[in-house]
Asks: 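Structure provided below as structure tokens; questions to follow.
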Amino acid sequence: MPKLQTNGAKQKRITYMILLLWAAVCFALLVVDWCCWAPNRLDADMASEQLLANLLAQEGGVMSTNWYYSTELRVLNTQLVMAPLFRLFPSWHTVRVVGSVVLILLYLAAWFWFGHSAKLKYSGLLGAGLLVLPYGALYRQYVLEGLYYIPHIAISFVVLGCAVRILRGGRRLAPAAGMVLFSFAAALGGPRQLFILNIPLTVAAALLCWLDAPPADTLRQKLANAWRTPGGALLVPTLAADAAALAGYVVNAKALAEKYHFQDQGYVAFTGLNLDRLQWFVNALLASFGWQEGKVFSLAALFNLAAAALILFCFVFSVRLVRGKARYPLGHRLVGAFFLAGAVCFALLYGLTNSGHSDRYLLPLAILFVPLLEIMLADCTHRHRPDACGLTALLAAILLLRAGTDYRAAAVATNPNQGAAQFLVQNGYRDGYASFWDGNVMTELTDGTLNVWTLTPNSVPELRPWLQVTSHLQT
């Protein structure tokens with residue numbers, strides 16, 4: 001018996017070292033991408049975030065009345081990291097690299113908080129590697145390079161971790177307070193987090209309570225039974241977090257909108273069922289899981305097969321989690337219910353309203369494949385564990401290959417604005433006009449030397465109050 005225990009401990013140490021190496025390699029590749037190839041794929045949205053952070057560094061605040069934001073106000077967002085770095089480094093590229101490292105480490109910290117709360121194997125080291133791996137073009141552009149969705153996803157991991165801790169029992173006040181505070185702070189920027197996190201989490205908690213409640217003769221008794229289920233402990237914290245998020249959005253829409261320049265969401269209205277927008281939702285779901293266009297007889301087929309397998313896995317396994325009261329821990333079942341509720345909420349939002357939409361909006365939903373994979377490995381039986389580990393290793397290898405092709409493309413990519421920006425600086429230019437897609441990029445590439453007014457690409461170009469300093473429209 002002692003020998004078996006020794007062998008088991010040795011196997012665990014080997015597995016831990018392999019997973020640690022996996023996460024370290026994935027992170028190292030990402031850092032190389034930032035250091036060597038980030039300027040090659042720098043785009044207008046990325047550069048705009050840096051211009052805002054530089055402006056905040058000059059003003060000494062966390063928000064600015066002298067900036068035209070886009071669709072949401074940046075409150076609990078990336079500028080909290082980037083702006084202070086501009087006071088330390090004159091190079092905008094250095095700021096981007098160092099800030100990206102800090103933000104990714106915060107992202108991973110939020111993930112490990114969830115992993116520890118959910119008692120994932122090795123605290124989720126497998127998932128940590130997947131989170132820093134560009135498994136798809138959208139995830140690479142908007143999370144790992146653009147960094148826009150790191151705050152949204154990290155907040156979701158933190159709040160989910162708090163919810164799982166509440167379901168485990170023990171001290172509930174601190175995690176409940178965390179859910180409330182993060183929900184309020186996130187909603188100060190706009191309503192996005194309500195649809196990403198709060199509404200799906202409330203629906204998920206209510207669904208589990210309803211399914212776990214014993215049968216009753218009346219609806220009133222059924223509701224009472226649902227309230228008394230183990231999942232009922234999460235209902236009050238989720239409702240409190242909802243109230244906090246709504247309060248944060250009210251502050252955003254009524255107070256902050258009066259002072260700062262950003263596009264509010266008051267235009268969103270209900271419509272009839274729009275099948276075209278539902279079709280868009282399906283295509284966006286595919287893209288957010290890594291689906292890409294390409295020839296059938298190419299690597300694109302392998303990558304698309306992996307994306308389709310991930311989508312199928314997420315839906316099928318989430319249903320099994322929700323229905324598996326006797327087999328799965330309640331906190332793990334919550335993640336499955338959260339994924340399903342999120343998918344339904346997004347489908348209803350885009351199928352029944354005129355809300356603006358983009359493929360990247362589904363990234364916070366798609367990334368839930370990572371905790372679902374970890375939960376599958378943590379909860380599978382000894383009989384099925386070798387098969388589960390083998391399939392997961394195969395999937396990880398395919399995603400690593402996908403990342404390798406992406407990094408190779410970054411290494412040979414060229415940014416046409418680099419040569420133009422260098423020419424302008426060398427010939428004494430400091431102020432000028434350009435399209436939105438070029439102007440802010442040239443400002444970052446020249447460490448702020450070029451001050452560029454950005455124009456809309458209309459038939460008659462005009463200045464637009466969008467992602468530039470307000471003084472540009474006042475002079």
Side-chain angles (χ1 to χ4, degrees), residues 30 34 45-53 55-57 61-64 67 69-86 95-114 127-128 131-132 134 138-163 178-201 241 244-245 248-249 251-252 256 260 262-263 265 288 338 342 358 360-368 370-371 467:
L30 183 59
W34 290 330
D45 291 322
M46 297 179 196
S48 298
E49 296 295 326
Q50 290 297 84
L51 264 71
L52 171 60
L55 176 64
L56 293 173
V62 296
M63 295 181 288
S64 177
W67 180 258
Y69 293 84
S70 57
T71 55
E72 58 185 347
L73 183 65
R74 299 293 194 261
V75 182
L76 189 61
N77 218 288
T78 58
Q79 86 284 356
L80 297 178
V81 171
M82 293 296 189
L85 293 176
F86 272 106
V95 170
R96 177 171 293 281
V97 173
V98 175
S100 297
V101 170
V102 173
L103 286 165
I104 285 293
L105 289 177
L106 291 173
Y107 186 35
L108 292 178
W111 164 251
F112 284 127
W113 160 262
F114 168 79
L131 289 176
V132 296
L138 286 178
Y139 187 74
R140 181 264 302 164
Q141 181 178 0
Y142 294 101
V143 179
L144 299 181
E145 290 183 353
L147 310 173
Y148 321 113
Y149 281 84
I150 283 181
H152 300 295
I153 302 173
I155 290 170
S156 295
F157 282 149
V158 170
V159 173
L160 271 176
C162 292
M179 293 175 64
V180 169
L181 292 175
F182 274 99
S183 296
F184 176 78
L188 289 174
R192 185 187 303 272
Q193 202 72 18
L194 276 164
F195 295 100
I196 291 174
L197 172 64
N198 294 96
I199 295 175
L201 185 59
Y249 177 57
V251 173
N252 169 274
L256 298 179
Y260 301 97
F262 61 94
Q263 183 186 83
Q265 303 299 311
S288 61
F338 180 68
S358 177
R360 64 181 183 270
Y361 292 171
L362 297 188
L363 284 172
L365 174 68
I367 200 59
L368 292 177
V370 176
L467 297 178

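Residue indices begin at 1 and follow the sequence shown. No hydrogens, no waters, no symmetry mates; every other heavy atom, side chains included, goes into these values.
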Asks: Just do the side-chain contact (heavy atoms from CB on, under 4.5 Å) check on Phe86 and Leu56 with the steps written out, would you?
Replies: CA-CA 9 Å; Phe86 272 106; Leu56 293 173; over 6 Å; no
Asks: State which residues pass side chain to side chain donor-acceptor pair (under 3.5 Å) with Thr71; sequence neighbours excluded, sorted by chain then number.
Replies: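 Not a single residue meets the side chain to side chain donor-acceptor pair (under 3.5 Å) criterion with Thr71.
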Asks: Just wondering, do Asp45 and Leu467 contact through their side chains at under 4.5 Å, heavy atoms?
Replies: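 Side-chain contact under 4.5 Å: yes.
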Asks: Can you check whether Met63's main-chain N or O pairs, donor with acceptor, with Gln79's side chain at less than 3.5 Å?
Replies: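 No.
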Asks: Compare every heavy atom of Ala110 with every heavy atom of Ala154, then report the nearest pair and how far apart it is.
Replies: O-CB, 3.5 Å
Asks: Please enumerate all residues that pass side chain to side chain donor-acceptor pair (under 3.5 Å) together with Tyr107, with sequence neighbours excluded.
Replies: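 Listed in chain order: Tyr139.
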Asks: Taking all atoms of both residues into account, what is the closest heavy-atom pair of Ala187 and Ala245, and its distance?
Replies: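 Taking every non-hydrogen atom into account, CB-O, 3.0 Å.
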Asks: What is the distance from atom CG of Leu76 to atom CD1 of Ile155, rounded to the nearest 0.5 Å?
Replies: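 It is 4.5 Å, given to the nearest 0.5 Å.
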Asks: Can you pull the side chain to side chain donor-acceptor pair (under 3.5 Å) pairs that have at least one residue in residues 179-200, sequence neighbours excluded?
Replies: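 Listed once each, the pairs are Glu72-Arg192, Tyr149-Arg192, His152-Gln193, Ser156-Gln193, Ser183-Asn198.
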Asks: Do Arg360 and Gln141 touch side chain to side chain, with heavy atoms closer than 4.5 Å?
Replies: no
Asks: Given side chains that start at C-beta, do those of Ile150 and Leu106 come closer than 4.5 Å, heavy atoms only?
Replies: no
Asks: Applying salt bridge (Lys or Arg N to Asp or Glu O under 4.0 Å), name anything that partners Arg96, two or more places apart in sequence or on another chain.
Replies: Glu444
Asks: Quick one, Val75 and Asn252 - any side-chain contact, counting heavy atoms below 4.5 Å?
Replies: no
Asks: Could you pull out the closest heavy-atom pair between Pro200 and Phe338, with the gap in Å?
Replies: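 Here Pro200 and Phe338 meet closest at CB-CE1, 3.7 Å.
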Asks: Going by the rule side chain to side chain donor-acceptor pair (under 3.5 Å), which residues pair with Gln263 if we only count those two or more places apart in sequence or in a different chain?
Replies: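 In terms of side chain to side chain donor-acceptor pair (under 3.5 Å), with neighbours along the sequence ignored, Gln263 is linked to no residue.
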Asks: Please list, chain by chain and in numerical order, all residues satisfying side chain to side chain donor-acceptor pair (under 3.5 Å) with Ser48, sequence neighbours excluded.
Replies: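 For Ser48, the residues satisfying side chain to side chain donor-acceptor pair (under 3.5 Å) (neighbours in sequence not counted) are Asn440.
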Asks: Given side chains that start at C-beta, do those of Leu108 and Val132 come closer than 4.5 Å, heavy atoms only?
Replies: yes
Asks: Using the rule given for side-chain contact (heavy atoms from CB on, under 4.5 Å), can you reason through Leu188 versus Leu73, listing the C-alpha separation, both sets of side-chain angles and the distance that settles it, and then say yes or no?
Replies: CA-CA 8 Å; Leu188 289 174; Leu73 183 65; over 6 Å; no
Asks: Indicate the ring-plane relationship of Phe114 and Trp111, choosing parallel, tilted or perpendicular according to the 30° and 60° boundaries.
Replies: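 Geometry flag for Trp111 against Phe114: tilted rings.
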Asks: As a quick check of understanding, evaluate side-chain contact (heavy atoms from CB on, under 4.5 Å) for Ile153 and Ile196, giving each step before the final call.
Replies: CA-CA 9 Å; Ile153 302 173; Ile196 291 174; over 6 Å; no
Asks: For Phe182, is the CZ atom crowded, meaning more than 12 foreign heavy atoms sit under 6.0 Å from it?
Replies: no
Asks: Compare every heavy atom of Tyr142 with every heavy atom of Leu363, then report the nearest pair and how far apart it is.
Replies: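 Closest approach of Leu363 to Tyr142, heavy atoms only: CD1-CB, 3.9 Å.
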Asks: So which of Leu52, Val102, Leu147 actually passes side-chain contact (heavy atoms from CB on, under 4.5 Å) with Met82?
Replies: Leu147
Asks: Please check if the side chain of Tyr69 supplies one atom and the backbone of Ser64 the other of a donor-acceptor pair under 3.5 Å.
Replies: yes
Asks: Is any side-chain heavy atom of Tyr148 closer than 4.5 Å to one of Asn77?
Replies: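 No, side chains not in contact.
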Asks: Evaluate the side-chain proximity of Ser288 to Tyr361: yes if any heavy-atom separation is below 4.5 Å, no if none is.
Replies: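 SC-SC contact between Tyr361 and Ser288 ruled out.
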Asks: Might you point out which heavy atoms bring Pro364 and Ile367 nearest each other, and give the distance in Å?
Replies: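 Scanning both residues, the minimum pair turns out to be O-CG2, 3.5 Å.
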